[in-house]
Amino acid sequence: MSRAVIIIAALVVATLVVVTAVLLAALGHRRIGGGLRRRFGPEYERLVTRHQGDTKAADRELDQRLKQHGSVRERPLSSASREQYAVQWAGIQKRFVDSPQEAVAEADALLARLTADRGFPADGPFEERLAALSVHHAQHVDGYRGLHGAARARGSTEENRMAMTGAGELFDALVAEQPADSGRHRPQRHHAPGSGPR
């Protein structure tokens, strides 16, 4: 073989190696991003929007959340605590009819206590608690974010109702029977028609 053929063959092989490495890296990122998209759902989409479509920035932020809060172990609630929280939530929902803004503020405070009891960060900024919750309850954190915002603003009754409804999903997930409590029943929340937001 001539020297020119060997050089061309070496360049072709080197080009193939580089192209393969780039493709594997792109597929790996897509696989990682796809995993984060599945795990975080709407929270992932919210971050992509916040980062103006930059999926890599959203991936980095969520990777950081996983490193920082992935080791949080949710503490189980006793049956009595679950029942007490359910009664308090039902009371807040009843008060919503007459005092929506006050009920939203009470619901926000109750969720803060509940998240702390379940082992999520209690001190520090709200966003830190929300980041930890997003690792474990990604499908429900947006509702809590809405409730927290509504508790600090004077929204319409409909906005407050939507905030309570969204936060109720996180509340339900946090008071649900945990595996460590198996064999015990989950408290049921009863709602009279028109008595509250959910």
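Atoms considered below: every heavy atom in the structure, side chains included; atoms not considered: hydrogens, waters and symmetry mates.
- The line from CG of Asp172 to NE2 of His140 is 8.5 Å long, rounded to the nearest 0.5 Å.
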- Evaluate the side chain to side chain contact (heavy atoms under 4.5 Å, CB included) criterion for residues Gln64 and Arg60: first the C-alpha distance (whole Å), next the side-chain angles of each, then the deciding distance (0.1 Å), finally the verdict. CA-CA 6 Å; Gln64 183 60 34; Arg60 281 192 301 274; over 6 Å; no

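- Every residue two or more places apart in sequence or in another chain that forms a salt bridge (Lys or Arg N to Asp or Glu O under 4.0 Å) with Arg50 is listed here: Glu61.
- Using a cutoff of 4.0 Å between basic side-chain nitrogens and carboxylate oxygens, Asp142 and Arg145 are scored as salt-bridged.
- Ala116 meets the side-chain contact (heavy atoms from CB on, under 4.5 Å) test with Ala122; sequence neighbours excluded.
- In this structure, the side-chain hydrogen bond (donor to acceptor under 3.5 Å, both in side chains) partners of Ser81, at least two apart in sequence or on a different chain, are Ser78.
- Residue pairs meeting the salt bridge (charged side-chain N to carboxylate O under 4.0 Å, His left out) criterion with at least one member in residues 120-137, sequence neighbours excluded, do not occur.
- Taking both residues in full, the closest heavy atoms of Thr157 and Pro100 are given as OG1-CG, 4.0 Å, listed atom of the first, atom of the second, then distance.
- Every ring-ring contact (aromatic ring centres under 6.0 Å, His included) that His148 has, sequence neighbours left out, goes to Phe126.
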- Task: Under the side chain to side chain contact (heavy atoms under 4.5 Å, CB included) rule, what do Glu83 and Val175 come out as? Steps first, then yes or no, please.
- Result: CA-CA 8 Å; Glu83 189 65 41; Val175 289; over 6 Å; no

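- The line from CG of Asp108 to CZ of Arg113 is 10.5 Å long, rounded to the nearest 0.5 Å.
- The distance from the CZ atom of Arg154 to the CG atom of Asn160 is 8.5 Å, given to the nearest 0.5 Å.
- Glu158 is linked by a side-chain hydrogen bond (donor to acceptor under 3.5 Å, both in side chains) to Arg161, counting only residues two or more places apart in sequence or in another chain.
- Side-chain N or O atoms of Arg118 include one that pairs as donor or acceptor with a backbone N or O of Arg75 at under 3.5 Å.
- Applying the side-chain contact (heavy atoms from CB on, under 4.5 Å) rule to Ala163 yields the partners Leu147, Ala150; only residues at least two apart in sequence or on another chain are considered.
- Note that CG of Leu170 and CG of Leu130 are 9.0 Å apart. Values are rounded to the nearest 0.5 Å.
- Scored by the salt bridge (Lys or Arg N to Asp or Glu O under 4.0 Å) test, Asp117 finds no partners at all (sequence neighbours excluded).
- Scanning for salt bridge (Lys or Arg N to Asp or Glu O under 4.0 Å) contacts around Glu102 gives an empty result, with sequence neighbours left out.
- Atom CG in Leu174 sits 10.0 Å away from atom CG in Leu110 (nearest 0.5 Å).
- Panel note: side chain Thr115, backbone Ala112; a donor-acceptor pair is recorded below 3.5 Å.
- Under a 3.5 Å cut-off, the side chain of Arg82 and the backbone N or O of Ala176 do not form any donor-acceptor pair.
- Checked against the 6.0 Å centroid criterion, the rings of Phe120 and His136 qualify as a close aromatic pair.
- Summarising the geometry of Met164 relative to Ala103, their closest heavy-atom pair is SD-O, 4.2 Å, with the distance given to 0.1 Å.
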- Could you please spell out the steps behind the side chain to side chain contact (heavy atoms under 4.5 Å, CB included) verdict for Glu45 and Arg37? CA-CA 8 Å; Glu45 300 304 328; Arg37 178 175 273 128; 2.9 Å; yes

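- By the side-chain contact (heavy atoms from CB on, under 4.5 Å) test, Leu66 pairs with Leu36, Arg39, Phe40, Asp63, Val135, sequence neighbours left out.
- Classified by interplanar angle (parallel below 30°, tilted 30° to 60°, perpendicular above 60°), the ring pair Trp89/Phe171 is parallel.
- Residues meeting the salt bridge (Lys or Arg N to Asp or Glu O under 4.0 Å) test with Glu159, sequence neighbours left out: none.
- Remark: Gln84 engages no residue in a side-chain hydrogen bond (donor to acceptor under 3.5 Å, both in side chains) (not counting sequence neighbours).
- Between Ala58 and Val48, the shortest heavy-atom distance links the atoms CB-CG2, 3.7 Å.
- Across all non-hydrogen atoms, the minimal contact from Ala153 to Gln101 is O-NE2, 2.8 Å.
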